[in-house]
Asker: 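This is the structure, below, for whatever I ask next.
For the numbers below, each heavy atom of this structure counts, side chains included, while hydrogens, waters and symmetry mates do not. Letters A, B, ... are given to chains in the order of the sequence lines, protein chains preceding strands, and every chain is numbered from 1.
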Amino acid sequence: MNGVLAIYQKEMWHYFHSPIAYFMVSVFLLGTGYFFIYNIFFTGIAAMADTFQNMGILLLLVIPVMSMRLFASEYSDGTMELLQTLPLQSWQVVIAKYMGAVTMLLLMIAGTMIDLVPLYMFAEPETSTILAGYIGFALLGMACLAIGQLFSALTENQIVAALITVSVLLGFWFVGNMQSFQTSQTLAILVGYLSFSDHFGEFVQGLVRTEAVAFYFIVSAIALTLNASYLQWRR
Amino acid sequence: MIALESVSKRYGSKTIIHDLSFNVEKGEIVGFLGPNGAGKTTTLRMVAGFTTATSGRVTVAGWDMATQNVAAARRIGYLPEHPPLYDTLDVSTYLRFVAKAKGVARAEIGAELARVIEACRLEAVSRREIFKLSKGYRQRVGLAQALLGKPEVLLLDEPTIGLDPGQIQEAREVIRSFGDDHTVLLSTHILPEVTLICQRVAIINHGRLLAIDTPSGLQRAVEQANHVTLHVTAPAEAVRAELLAVDGVSALEIRPIAEDDRILAIDCRVDDRDGMEAAIARAVASRWELHRLERRHPTLENIFLHYVSESPIAEAAA
């Protein structure tokens, strides 16, 4: 357990000493702030729904940049040789790195809560809906990170890892749109079920369904399991 | 302590290691000697558990490194070919991370850090970021990392590479001092290193073990193909006939020396018997002028070249 903690602390050290991490967090917070102000003044409604939708798209672009170095840099720096000869199982290394990335994600989300201050000062927004939105957003981010971490483990090149992750995440986000020109009923249901945006949409509307929560957890679990198995297989 | 049983490693259709078997006993320092690309790094990676053998078995302290590598990892200190360093961390933060990750008890981490920093002479740079360090210091931080947690087995891939002569001396002292209660397997392509540090030497080329013995044992083995060289003023054909008539001389190579073409340099391949020099001297000195005669004892270089040049390079290239 100490080993997992050691890697987690090393990861956190990296985030706080990495200009890329600061840059991406800044981009995300500035972007979110912009969308928030824009949506509030455009609609005049004290809600976060539209902002959450915009944050979702922004997240698809920020996550790959955060996740690309997770394993790719360990390969190119030769430090994988240390990580894989420590008294730790591959899955423990995967979890430690993932927990570090999730911590950063949660800090980033916490940063966006500054937008809530004016909302509560000047209006009476629906707290439960906002809470549901945040839960959905965190789950979406966790699933995206797990996918990004998997692709970072598959290549030594960080840029390649980021590009593949962006493509896959955009695919999962927009796959739901295919429902409209589906002739087969089963295919339409399947496509809808795979859609990151459809599930996220429910949370944004204030709906926390077990099915949607389970969906994001399952996606994360599958990606992390593949990640650990790949590391094990690579030996 | 370390045992390889007919280990092979293939990457795709390429075989890197062919049927390699050897043992390293507890407390022994064994040098792994071979040219670049001989398979030294791959073998050490298998012993460290970083990669697994395609066939055969690698065990360390009885643990199978293919399946029980995590349990064995606590007993192994490993310095890979490229020291596995995080450039942005400073030296003591890095060492603290490795100590924790290796499972060193929290209360002992401070003492462990002090111990390895002293052993590897890192006091001066312990607060410096790793990317600012010279190659020699990077190598020493790599060595310090391997020593953390007092592992019973040390695997060192080219431990003295990148160090200046003074540092090499120090690194050897460190490694030798660990031989008392550690088992050490180190790879190198620097020949004198193995005679200075190692009790036994394994020579490897093209992924095959060519010989494993004590340095003096290897020397004895090669002495069977001994050489006597002499300088003599004589006609080439006559001296050739005379020398080949001497019992024990099996082959000759004759060429004039560079300074004076009347003097011939002759290289005789002789038996392992004592007194071969005397017999040759008698045969030559009675008729011609003998300037110089010496029996060449094989140096480690010669031993190494002897084994490496006899290894089936043609087969491996085919």
Side-chain angles (χ1 to χ4, degrees), chain A residues 1-23 66 68-100 104 152-153 156 158 228-235, chain B residues 9 41 44-54 60 63 65-90 93-106 109 129-131 138 141-142 145-146 148-149 151 153 155 157:
Chain A
M1 205 55 222
N2 276 340
V4 175
L5 190 65
I7 295 181
Y8 173 80
Q9 286 169 338
K10 186 214 75 164
E11 287 294 308
M12 293 317 292
W13 201 97
H14 264 288
Y15 287 116
F16 283 101
H17 289 78
S18 149
I20 295 184
Y22 281 109
F23 179 74
M66 276 178 68
M68 64 182 187
R69 54 155 279 279
L70 285 167
F71 279 103
S73 73
E74 304 274 2
Y75 294 141
S76 54
D77 294 348
T79 43
M80 207 57 203
E81 217 157 337
L82 173 66
L83 291 186
Q84 289 209 286
T85 52
L86 288 172
L88 291 175
Q89 306 282 357
S90 296
W91 66 264
Q92 291 177 302
V93 176
V94 167
I95 289 293
K97 283 188 160 275
Y98 183 62
M99 295 316 284
M104 279 310 287
S152 175
E156 268 188 40
Q158 297 191 30
S229 323
Y230 175 74
L231 293 185
Q232 197 59 27
W233 173 83
R234 212 172 155 268
R235 289 176 64 225
Chain B
K9 177 73 182 174
T41 294
L44 281 171
R45 282 179 168 175
M46 290 192 291
V47 178
F50 179 62
T51 47
T52 54
T54 313
V60 174
W63 304 96
M65 290 314 289
T67 53
Q68 300 168 309
N69 59 310
V70 175
R74 221 173 281 275
R75 296 147 176 263
I76 300 174
Y78 173 44
L79 169 64
E81 190 179 17
H82 305 286
L85 308 175
Y86 292 102
D87 276 351
T88 53
L89 267 60
D90 65 74
T93 308
Y94 169 74
L95 291 174
R96 188 172 294 276
F97 155 67
V98 178
K100 265 192 231 167
K102 274 188 171 180
V104 175
R106 195 169 289 270
I109 287 179
E129 284 103 329
I130 289 171
F131 73 89
R138 292 175 69 89
V141 176
Q145 162 275 124
L148 283 168
V153 175
L155 306 171
D157 199 349

Asker: Which pairs of donor and acceptor atoms, one on a side chain in residues 2-11 of chain A, lie under 3.5 Å apart (sequence neighbours left out)?
Answerer:
from	atom 1	to	atom 2	distance (Å)
A:Y8	OH	A:T103	OG1	2.7
A:Q9	OE1	B:K100	NZ	2.7
A:K10	NZ	A:E74	OE2	2.7
A:K10	NZ	B:Y86	OH	3.2
A:E11	OE1	A:R69	NH2	3.3
A:E11	OE2	A:K97	NZ	2.7

Asker: Assess whether salt bridge (charged side-chain N to carboxylate O under 4.0 Å, His left out) is satisfied between B:R96 and B:D90, documenting all intermediate values.
Answerer: CA-CA 10 Å; B:R96 188 172 294 276; B:D90 65 74; over 6 Å; no
Asker: Which residues satisfy the side-chain hydrogen bond (donor to acceptor under 3.5 Å, both in side chains) test with B:K102, sequence neighbours excluded?
Answerer: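 B:K102 satisfies side-chain hydrogen bond (donor to acceptor under 3.5 Å, both in side chains) with no residue once adjacent residues are dropped.
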Asker: Does CE belonging to A:M99 count more than 12 external heavy atoms closer than 6.0 Å?
Answerer: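 Counting neighbours around CE of A:M99, 12 or fewer heavy atoms of other residues, nucleotides or ligands fall under 6.0 Å, so no.
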Asker: Quick check on B:L85 against chain A: is it the side chain, the backbone, both or neither that has a heavy atom closer than 4.5 Å?
Answerer: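 Contact with chain A is through the backbone of B:L85 alone.
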Asker: Do the ring planes of A:W13 and A:H17 sit parallel (below 30°), tilted (30 to 60°) or perpendicular (above 60°)?
Answerer: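 If you compare the ring of A:W13 with that of A:H17, the planes turn out parallel.
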Asker: Taking every non-hydrogen pair under 4.5 Å, which of B:V70, B:N69, B:T93 racks up the most with chain A?
Answerer: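 Maximum pair count with chain A is reached by B:V70.
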Asker: Given heavy-atom pairs under 4.5 angstrom as the criterion, report whether the side chain, backbone, both or neither of B:R75 touches chain A.
Answerer: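 Contact with chain A: none, neither part.
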Asker: Within the structure provided, determine whether A:L70 and A:Y98 are in side-chain contact (heavy-atom separation under 4.5 Å).
Answerer: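 No, their side chains stay 4.5 Å or more apart.
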Asker: For B:A66, is it the side chain, the backbone, both, or neither that has a heavy atom closer than 4.5 Å to a heavy atom of chain A?
Answerer: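 Contact with chain A is through the backbone of B:A66 alone.
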Asker: Return the OH to CE distance between A:Y15 and A:M66, rounded to the nearest 0.5 Å.
Answerer: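 Atom-to-atom, A:Y15:OH and A:M66:CE are 5.0 Å apart.
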Asker: If you check every heavy atom in residues 77-84 of chain B against those of chain A, which residues fall under 4.5 Å?
Answerer: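 Answer by number: B:Y78, B:P80, B:P84.
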Asker: Using distance only, find each side-chain donor-acceptor pair of residues 45-54 of chain B under 3.5 Å and give its atom names and separation, not counting sequence neighbours.
Answerer:
from	atom 1	to	atom 2	distance (Å)
B:R45	NE	A:E81	OE2	2.9
B:R45	NH2	A:E81	OE1	3.1
B:T52	OG1	A:R235	O	3.1
B:T54	OG1	B:R10	N	2.7

